[in-house]
Amino acid sequence: MDKLLIRGGRALHGEVLVSGAKNAALPELCAALLTAEPVTLLNVPQLQDVSTMLKLIRNMGVAAERASDGTVRIDASGLNTPEAPYELVKTMRASVLALGPLLARFGEATVSLPGGCAIGSRPVDQHIKGMAAMGAEIVVEHGYMIAKLPQGWTRLKGARITTDMVTVTGTENLMMAATLAEGETVLENAAQEPEISDLAEMLIAMGAHIEGHGTSRIRIEGVERLHGCTHRVVADRIEAGTFLCAVAAAGGDVVLRHGRADHLDAVIDKLREAGVQVQAVEGGIRVQSAGGNTLKAQGFRTTEYPGFPTDMQAQFMALNCIAQGMATVAETIFENRFMHVNELVRLGAKIQVDGKVAVIEGVGSTTSRLSGATVMATDLRASASLVIAGLVADGETVVDRIYHLDRGYDCMEAKLRGIGADIERITA
Ligand code: UD1
């Protein structure tokens, strides 16, 4: 298993290219299943999760080619097996995004239940509830969701759907299913993440009638068929946010090319309050920092977009660990998303957890510092927080099990090395 070896203490300077968003590319690969015409996606990141999604759709009989420049060409005209098997779904929950497109285009789908994952139980009841409201008959048997249209139906029927909570992939799945349904679908309590808007733009380019994306009410007027398109995947705001925290912690001056400051308001506000300079510049974001121990720790609560993203909680916590003062961080989206805490503590961080709240005492105002150690990545964003801590810890930090990091960060260590970090991959 690969590891990362980081020697802390170097400031970061230069430019980083922000990749396409994982959480937009994954639903968009599934959206290509909605048409028999070729679809081209540009700016698709090189990630393990993207490879898994390509494997999943190829397994259905879809032709998908990936070029090294981030272009993916998909031709779903030969799709003959509308199924997502457990072996693939278990490694990536986002596989559940195949359900809506398959059901909408073929009138049937068999998709494995994703099961639990490290950060929480993450059920898909809202996906099922929404598809059922559009008329699908869904049974859960032997760990699979088996969905089909009622006898005599050729299409799903539009419906008004209010999900019990705001769900990102739930909104995406239902929005995709509704594009080919008969009549109007209204999604209330919809997620507003930029990745939802990016997916909606792609679907519109395929001929879908959608309005209200980016708000909590999305209206979709179903059409009989969708056509092919070429779509560029939006920049990854979580990757950009991770680099913002890395530069804030290590100190330095970096431009994040293609980064979208307007997608990171909540994170950027907190960074500015901490004492980091962040500016939207043409074609990117510029971040300047004197380093973590000059900054002031910031409390926050994770919420749905446009609030503070749960996917940035661990990375900002790493920054708080080395800043001055105390901060309280509340995780409201997932029940078990503090697994990085024990590992950060191994590096010398002072953190107390009580349920969904973590209290961090930054070591910046004391004489103590983080000191390098061997730590273990437990999930994708937790891994990123350990890398950030390693960049400022004294001596050597080894981050083990970085396959988690490879699931969602495109060449992270190469990008960090490019701006001056002392970091290398050790391949076992
Ligand atoms: C997506 C993102 C993930 C991010 C999360 C929250 C993708 C591929 N993944 O995950 O990176 O951390 O949004 O911003 O885009 N829930 C239910 N029933 C459901 C659906 C969700 O109870 O049917 C609950 C979940 O357990 C969780 C909350 O709702 O507590 C939000 O989950 P959701 O927005 O669905 O997360 P994902 O879409 O899986």
Side-chain angles (χ1 to χ4, degrees), residues 20-31 44-45 47-50 52-53 56 89 91-100 111 113-133 138 140 145 161-177 187 189-200 216 233-234 236-239 241-242 263-264 266-267 301-316 330-340 356 379-385 404-405 407-409:
K22 166 177 93 71
N23 287 352
L26 297 177
E28 288 166 1
L29 288 167
C30 289
V44 177
L47 305 172
Q48 192 52 45
D49 273 8
V50 167
T52 306
M53 191 59 94
L56 185 86
V89 178
T91 62
M92 186 185 63
R93 252 186 68 83
S95 317
V96 76
L97 286 162
L99 179 66
V111 176
L113 285 171
C117 77
I119 62 176
S121 63
R122 302 181 80 177
V124 288
D125 54 309
Q126 300 303 307
H127 302 235
I128 296 178
K129 169 182 154 172
M131 304 290 168
I138 308 187
V140 176
M145 293 180 274
I161 302 165
T162 306
T163 46
D164 296 359
M165 76 290 293
V166 178
T167 154
V168 176
T169 47
T171 302
E172 291 164 347
N173 228 343
L174 297 173
M175 182 166 75
M176 289 191 282
L187 302 177
N189 207 19
Q192 302 175 42
E193 270 67 3
E195 294 77 24
I196 308 254
S197 297
D198 199 56
L199 172 63
S216 62
V233 180
V234 68
D236 196 317
R237 67 195 162 97
I238 304 301
E239 187 197 21
T242 301
H263 291 168
L264 277 163
V267 174
R301 271 174 107 237
T302 62
T303 56
E304 296 86 10
Y305 190 84
F308 196 101
T310 173
D311 284 350
M312 281 302 304
Q313 181 255 104
Q315 301 91 311
F316 208 106
E331 171 58 52
T332 75
I333 307 290
F334 293 113
E335 71 251 32
N336 189 24
R337 211 173 192 181
F338 281 144
M339 280 174 306
H340 42 287
K356 291 187 160 193
D379 71 54
L380 170 56
R381 306 305 170 184
S383 324
S385 77
H404 290 291
L405 202 71
R407 279 192 42 216
Y409 286 96

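The analysis underlying the following values was restricted to heavy atoms, covering all of them including side chains, and did not include hydrogens, waters or symmetry mates. Order of appearance sets the numbers: ligands from 1, and atoms from 1 within every ligand.
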*Asks:* Could you check Gln126 against Met165 for side-chain contact (heavy atoms from CB on, under 4.5 Å), going step by step and ending with a plain yes or no?
*Replies:* CA-CA 8 Å; Gln126 300 303 307; Met165 76 290 293; 3.4 Å; yes

*Asks:* Which option wins on minimum heavy-atom distance to atom 15 (O) of ligand 1: Asn23, Ile238, Thr302, Ile128?
*Replies:*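 Considering heavy atoms of Asn23, Ile238, Thr302, Ile128, the nearest to atom 15 (O) of ligand 1 sits in Asn23.
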
*Asks:* Where does Phe334 meet ligand 1, judged by heavy-atom distances below 4.0 Å: at the side chain, the backbone, both, or neither?
*Replies:*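 Under 4.0 Å from ligand 1, Phe334 contributes side-chain atoms alone.
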
*Asks:* Heavy-atom pairs closer than 4.0 Å: do any link ligand 1 to the side chain of Thr167, the backbone, both, or neither?
*Replies:*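 The answer is both, backbone and side chain.
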
*Asks:* Please confirm whether the backbone N or O of Thr162 pairs with a side-chain atom of Lys129, one donor and one acceptor, at under 3.5 Å?
*Replies:*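 Indeed, once roles are kept as given, a pair shorter than 3.5 Å links the two residues.
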
*Asks:* Below 3.5 angstrom, do we get any N/O pair linking Thr169 and ligand 1?
*Replies:*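 Min N/O separation from ligand 1 is below 3.5 Å for Thr169.
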
*Asks:* Treating Asn173 as the side-chain partner and His127 as the backbone partner, does any N or O pair qualify as donor plus acceptor under 3.5 Å?
*Replies:*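 The answer is no, because no donor-acceptor pair under 3.5 Å joins these two groups.
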
*Asks:* Using a plain distance cutoff, I'd like to know if Arg93 has any nitrogen or oxygen under 3.5 Å from a nitrogen or oxygen of ligand 1.
*Replies:*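 So ligand 1 has an N or O lying under 3.5 Å from an N or O of Arg93.
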
*Asks:* Could you tell me which residues satisfy side-chain hydrogen bond (donor to acceptor under 3.5 Å, both in side chains) with Thr167, sequence neighbours excluded, listed by chain and number?
*Replies:*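 With sequence neighbours excluded, Thr167 shows a side-chain hydrogen bond (donor to acceptor under 3.5 Å, both in side chains) to no residue whatsoever.
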
*Asks:* Is Arg237 salt-bridged to Glu195, going by a charged N under 4.0 Å from an acidic O?
*Replies:*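 Salt bridge: yes.
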
*Asks:* When you measure from the side chain of Asp49 to the backbone of Met92, do you find a donor-acceptor pair of N or O atoms at a distance under 3.5 Å?
*Replies:*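 Checking the backbone N and O of Met92 against the side chain of Asp49, no donor-acceptor pair under 3.5 Å is found.
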
*Asks:* Sequence neighbours left out, what passes side chain to side chain contact (heavy atoms under 4.5 Å, CB included) with Ala382? Give chain and number order.
*Replies:*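 Counting only residues at least two positions away or on another chain, Ala382 forms a side chain to side chain contact (heavy atoms under 4.5 Å, CB included) with His340, Thr378, Asp379.
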
*Asks:* Does an N or O from Ile333, backbone or side chain, lie closer than 3.5 Å to an N or O of ligand 1?
*Replies:*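 It does: an N or O of Ile333 is found under 3.5 Å from an N or O of ligand 1.
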
*Asks:* Counting from 1, what ligand 1 atoms have a heavy atom of His127 closer than 4.0 Å?
*Replies:*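 What qualifies from ligand 1 is 23 (O).
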
*Asks:* If you count the atoms of ligand 1 from 1 in the order shown, which ones are under 4.0 Å from a heavy atom of Gln126?
*Replies:*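 Going through ligand 1 atom by atom, the ones under 4.0 Å from Gln126 are 18 (N), 19 (C), 23 (O).
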
*Asks:* Against heavy atoms of Val168, which atoms of ligand 1 measure under 4.0 Å?
*Replies:*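 The atoms of ligand 1 under 4.0 Å from a heavy atom of Val168 are 1 (C), 13 (O), 15 (O), 33 (P), 34 (O), 35 (O), 38 (O).
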
*Asks:* Can we say Arg337 and Asp311 salt-bridge, meaning some charged N sits less than 4.0 Å from an Asp/Glu carboxylate O?
*Replies:*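 Salt bridge: yes.
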
*Asks:* Short list, please: which atoms of ligand 1 are under 4.0 Å from a heavy atom of Thr310?
*Replies:*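 It comes down to these atoms of ligand 1: 6 (C), 12 (O), 14 (O).
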
*Asks:* What's the shortest heavy-atom distance between Val44 and Val50, and which atoms?
*Replies:*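 Closest approach of Val44 to Val50: CG1-CG1, 3.7 Å.
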
*Asks:* Which option wins on minimum heavy-atom distance to atom 21 (C) of ligand 1: Gly170, Pro123, Ala25, Ala94?
*Replies:*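 The residue whose heavy atom sits nearest atom 21 (C) of ligand 1 is Pro123.
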
*Asks:* Checking contacts here: is it the side chain or the backbone of Met165 that comes within 4.0 Å of ligand 1, counting heavy atoms only? Could be both or neither.
*Replies:*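 Near ligand 1, Met165 shows its side chain, while the N, CA, C and O stay back.
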
*Asks:* Record the part of Arg337 in heavy-atom contact with ligand 1 below 4.0 Å; permitted values are side chain, backbone, both and neither.
*Replies:*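 Arg337 to ligand 1: side-chain contact only, backbone stays beyond 4.0 Å.
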
*Asks:* Looking only at non-hydrogen atoms, which of Asn173, Asp311, Val124 approaches atom 3 (C) of ligand 1 most closely?
*Replies:*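 Checking each option, the heavy atom nearest atom 3 (C) of ligand 1 is found in Asp311.
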
